[in-house]
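Note that the structure is a prediction, hence the values are computed from the model and not measured. If you read the sequence from its start, that first residue is 1, and numbering goes on from there.
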Amino acid sequence: MAIERVGVVGAGQMGNGIAHVLAVAGYEVLLTDVSEDAMANAIKLIDRNIDRQVGRGLITEADKAEAMKRIGTTPKLADLGQTDLVIEAATERETIKQAIFEDLLPHLKPDTILTSNTSSISITRLASRTDRPEKFLGFHFMNPVPVMQLVELIRGIATDEPTFKACAEVVQRLGKTAATAEDFPAFIVNRILMPMINEAVYALYEGVGNVMSIDTSLKLGANHPMGPLELADFIGLDTCLAIMNVLHDGLADTKYRPCPLLTKYVEAGWLGRKTQRGFYDYRGETPVPTR
């Protein structure tokens with residue numbers, strides 16, 4: 001399966017990062033989103049982020065110009081029908097992802113591969129709602145996409161070997177490393193990472209420590225580059241809660257019960273960096289803990 005044209009659904013944090021690395025690697029990219037503003041902002045952000053790569057000597061100005069020319073945008077999901085590979089990077093809600101794939105199906109080429117950047121939802125279940133479960137794969141990039149080297153590849157029960165190999169070759173061309181995960185809730189990275197973040201929220205909830213003491217303890221005591229509460233803000237507290245709910249529902253184990261404080265922050269709309277408030281308040285010159 002020769003993949004040269006890639007469609008990316010969703011121009012948010014993950015979608016624009018995926019479009020960025022694909023274009024730099026030489027793929028023709030078509031990016032779509034329900035919001036015209038989101039697409040415009042994504043192109044500006046990609047331009048700035050590639051500028052950083054030029055500044056660090058990783059690519060040349062000519063490379064940047066070629067990469068930017070390879071990225072197109074469209075408000076019409078149907079326009080992605082003629083691409084060789086579609087990467088869905090919409091919000092972490094299964095009903096939205098299912099609706100996207102159902103809307104795409106009538107417009108796809110017979111051999112187009114469908115993938116989802118989901119961080120937790122069953123690949124088998126998503127694939128079952130399409131006409132090509134054998135050509136469906138979990139394609140989970142890490143955030144921020146241009147920086148992080150890992151991509152989780154998750155087979156559904158029906159995924160065939162040519163589809164897996166074609167996507168593994170894309171990962172290799174991007175200069176990243178693929179890790180194969182089984183189709184269990186949250187796969188590998190988030191199966192381990194999210195319970196740690198959730199436990200940090202419990203430590204805050206129970207008064208074991210405040211935001212700064214918890215984050216400082218993990219940074220200096222475990223040599224983590226970012227504390228768990230700071231990381232939760234970076235990921236998005238709504239995403240963290242969604243993944244914990246998938247783990248709790250899918251594995252039926254109380255150890256995955258989301259912390260009530262995490263739920264409260266999400267209900268308040270304090271989702272982290274993207275809303276300027278989470279476990280830290282980002283509205284001033286420097287972040288300030290909210291507890």
Q. How many angstroms lie between atom NZ of K76 and atom CG of D103, to the nearest 0.5 angstrom?
A. 14.5 Å
Q: Tell me whether V21 is reachable from L137 by hopping between hydrophobic residues (I, L, V, M, F, W, Y) whose side-chain heavy atoms are closer than 4.5 Å.
A: yes
Q: Identify the heavy atoms of D131 and L105 that sit nearest to each other, and give their distance.
A: OD1-CD2, 3.3 Å
Q.
Regarding D111 and R132, does a basic nitrogen lie under 4.0 Å from an acidic carboxylate oxygen?
A. no
Q.
Counting C-beta onward and ignoring hydrogens, is there a side-chain heavy-atom pair between L241 and D238 closer than 4.5 Å?
A. no
Q) Going by heavy atoms in the side chains, are T263 and P260 under 4.5 Å from each other? A) no
Q) Is it true that the side chains of E88 and T115 contain a donor and an acceptor less than 3.5 Å apart? A) no
Q) How about K274 and T239: do any of their side-chain heavy atoms sit closer than 4.5 Å? A) yes
**Q.** Side chain to side chain, E152 and V189, heavy atoms closer than 4.5 Å
**A.** yes
Q.
Holding to side chain to side chain contact (heavy atoms under 4.5 Å, CB included), I want the full list of residues that pass it with Q172, two or more places apart in sequence or in another chain.
A. none
Q | Inter-residue atom distance L22.CG - E28.CD, 0.5 Å rounding | A | 11.0 Å
Q) So, for L247 and A186, which heavy atoms are closest and what is the spacing to 0.1 Å? A) CD2-CB, 3.6 Å
Q.
Given H224, which partner from the list D215, L231, L218 fulfils the side-chain contact (heavy atoms from CB on, under 4.5 Å) test?
A. L218
Q. Quick one: ring-ring contact (aromatic ring centres under 6.0 Å, His included) partners of Y265, sequence neighbours excluded?
A. W270, F279
Q. Considering residues at least two apart in sequence or located in another chain, which fulfil the ring-ring contact (aromatic ring centres under 6.0 Å, His included) criterion with Y256?
A. none
Q. Out of curiosity, does V24 fall in the hydrophobic cluster containing I71 (side-chain heavy atoms, cut-off under 4.5 Å, transitive links)?
A. yes
Q.
As an exercise, state the distance from CG of D79 to CG of L31, rounded to the nearest 0.5 Å.
A. 12.0 Å
(Q) Please enumerate all residues that pass salt bridge (Lys or Arg N to Asp or Glu O under 4.0 Å) together with E161, with sequence neighbours excluded. (A) R155
(Q) If you count every heavy atom of other residues, nucleotides or ligands that lies below 6.0 Å from D249 atom CG, does the total exceed 12? (A) yes
Q: Check the side chains of E94 and Q98 for a donor-acceptor pair under 3.5 angstrom, ignoring hydrogens and angles.
A: yes
Q. What residues, two or more places apart in sequence or in another chain, satisfy side chain to side chain contact (heavy atoms under 4.5 Å, CB included) together with M68?
A. I43, I46, D47, I50, K64
Q: Following the transitive rule for hydrophobic clusters with a side-chain heavy-atom cut-off under 4.5 Å over Ile, Leu, Val, Met, Phe, Trp and Tyr, establish whether I18 and V86 coincide in one cluster.
A: no
Q) Does a side-chain heavy-atom distance below 4.5 Å link E92 with M14? A) no
(Q) Under the criterion salt bridge (charged side-chain N to carboxylate O under 4.0 Å, His left out), I'd like the reasoning laid out for D84 against K109: C-alpha separation, chi angles, the key distance, then a yes or no. (A) CA-CA 8 Å; D84 307 312; K109 298 187 299 180; 2.7 Å; yes
Q. How many angstroms lie between atom CG of L85 and atom OG1 of T112, to the nearest 0.5 angstrom?
A. 8.5 Å
Q: Can you sort out the partners of Q13 under side chain to side chain contact (heavy atoms under 4.5 Å, CB included), two or more places apart, ordered by chain and number?
A: N143, F234
Q: Using the rule that two of Ile, Leu, Val, Met, Phe, Trp, Tyr join whenever any of their side-chain heavy atoms come within less than 4.5 Å, decide whether Y280 and V266 are in one cluster.
A: yes
Q.
Test of understanding: with salt bridge (Lys or Arg N to Asp or Glu O under 4.0 Å), list the residues that count as partners of E66, not counting sequence neighbours.
A. K69
Q: Measure up the Y202 and Y205 rings against each other and bin them: parallel (under 30°), tilted (30 to 60°), perpendicular (over 60°).
A: perpendicular
Q: State which residues pass salt bridge (Lys or Arg N to Asp or Glu O under 4.0 Å) with E4; sequence neighbours excluded, sorted by chain then number.
A: R173
Q. Taking only residues at least two apart or on different chains, which pairs with a member in residues 64-96 satisfy ring-ring contact (aromatic ring centres under 6.0 Å, His included)?
A. none
Q) Residues two or more places apart in sequence or in another chain: which of them pass side chain to side chain contact (heavy atoms under 4.5 Å, CB included) with V208? A) A203, E206
Q) What are the two closest non-hydrogen atoms of G272 and Y282, and how far apart are they? A) C-CE1, 4.1 Å
Q.
Starting from I188 and following side-chain heavy-atom contacts under 4.5 Å between hydrophobic residues (I, L, V, M, F, W, Y), which residues can be reached?
A. I192
Q. For E134 and T163, does a side-chain donor sit closer than 3.5 Å to a side-chain acceptor?
A. no
Q) With D183, which residues qualify under salt bridge (Lys or Arg N to Asp or Glu O under 4.0 Å), at least two apart? A) none
